[in-house]
Number of protein chains: 2
Amino acid sequence: MEILRSTKSHPTADWIYDQARKVLPSISLGTVYRNLAILKEDGQIMELSYGSTYSRYDGNPENHYHFVCLKCGRVEDVDIPVRGELEREVEKTGVGDVYYHRLEFYGLCAHCRSSRTDKPGGAGEDSR
Amino acid sequence: MEILRSTKSHPTADWIYDQARKVLPSISLGTVYRNLAILKEDGQIMELSYGSTYSRYDGNPENHYHFVCLKCGRVEDVDIPVRGELEREVEKTGVGDVYYHRLEFYGLCAHCRSSRTDKPGGAGEDSR
DNA sequence: CTTAAAATCAATAATAGTTATCAATCTAGT
DNA sequence: ACTAGATTGATAACTATTATTGATTTTAAG
Ligand SMILES: [Mn+2]
Ligand SMILES: [Mn+2]
Ligand SMILES: [Zn+2]
Ligand SMILES: [Zn+2]
């Protein structure tokens, strides 16, 4: 939980595992997954699963939106207000009861946009 | 492509495979996946990946929103207009260039809401 | 302090959707 | 008919996640 709260990077289970080993050298990946599942169940964290094969985790359990860079894979928080009114609008269509919604934006991050000088090995911070 | 266009159910690769076998009995699952990847690459279809472990496919390549039932897993189209202005709003925050966005609503579908008489085996149409 | 039950853990096996591989078959173009 | 290239079915490989297991640690009595 401390590791997850200490970063803004929406890390993968593997990255969290690496960080955890720095302080608990003998911890196993299974324990990381087990505790992430418990924290998620308890509503303290969020699991983000996009098209990728792996999940990312978010220490902020409040609903907020994300920007995913199509080039480097970075996931960043988007600083616009949550549109609660959309949920009511959807309910009016009669499709069912809406409990929550999820919104993601995809594109080219500011970091990748500026470094047009495609230097190799640029796969982002703790992407993998 | 015809199979995918003929349903509104956002099916899984497996369901498409079953349908395809009805007309091409010897087709393999690999061919289904290969052709889905080609169609997706070509922008003719969309791949929808939610929290689930498997992907669903959508014969409508135009951006539109979805409602996912937390109980039966059904995925339905949501009939509200696409909010293009959100992309511009996000770009103003300086996070990067936004190419597209994806929005999903989660809740209890009208079908599940009415059948309060929890009859077992109610896992939805072609969910799995 | 002793001891037995409960909780937690690391290590490892199992799962499952998806991809990659490859020899066989099909398709055009000549 | 001949041949190069594309497509296919069968099957193996991959990988993130989950389940299992046996051992260690923690907890709470007696
Ligand atoms: Mn976030
Ligand atoms: Mn759709
Ligand atoms: Zn980027
Ligand atoms: Zn439902």
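Reckoned from all heavy atoms, side chains included, excluding hydrogens, waters and symmetry mates. Note on naming: letters A, B, ... go to the chains in the order of the sequence lines (proteins, then strands), and numbering restarts at 1 for each one.
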Check the distance between [N]'s [atom2] and [X]'s [atom1] and give it to me in whole angstrom.
X	N	atom1	atom2	value
B:Arg21	D:dT8	CZ	P	17 Å
A:Leu36	D:dA16	CG	P	15 Å
B:Lys40	C:dT19	NZ	C1'	13 Å
A:Asp18	D:dA16	CG	P	13 Å
B:Leu24	C:dT25	CG	P	17 Å
B:Asp14	C:dT15	CG	P	17 Å
A:Glu47	D:dT18	CD	C1'	12 Å
B:Leu29	C:dA16	CG	P	15 Å

Answer yes or no: are there more than 12 heavy-atom neighbours, outside B:Asp79 itself, under 6.0 Å from its atom CG?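 For B:Asp79, atom CG is not crowded (no more than 12 foreign heavy atoms under 6.0 Å).
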Steps toward side chain to side chain contact (heavy atoms under 4.5 Å, CB included) verdict (B:Leu70, A:Tyr100): CA-CA 11 Å; B:Leu70 295 169; A:Tyr100 62 95; 3.7 Å; yes
Would you say [N] has OP1 or OP2 under 4.0 Å from some side-chain N or O of [X]?
X	N	value
B:Thr12	C:dG17	no
A:Arg34	C:dT8	no
A:Thr53	D:dT15	no
B:Asn35	D:dT8	yes
B:Thr31	D:dT8	no
B:Ser28	D:dT11	no
A:Tyr33	D:dT17	yes

Side chain of B:Ile27 - closest among D:dG9, C:dT18, C:dA10: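 Of the candidates, D:dG9 comes closest.
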Salt bridge or not between B:Glu89 and B:Arg83? Use side-chain N to carboxylate O under 4.0 Å.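 No salt bridge links B:Glu89 with B:Arg83.
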Side chain to side chain donor-acceptor pair (under 3.5 Å) with B:Tyr65: which of B:Glu76, B:Arg102, B:His101, B:Glu104?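 The single option meeting the side chain to side chain donor-acceptor pair (under 3.5 Å) with B:Tyr65 is B:His101.
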Do A:Glu2 and A:Arg5 have side-chain heavy atoms sitting under 4.5 Å apart?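 Counting from C-beta outward, A:Glu2 and A:Arg5 never come under 4.5 Å.
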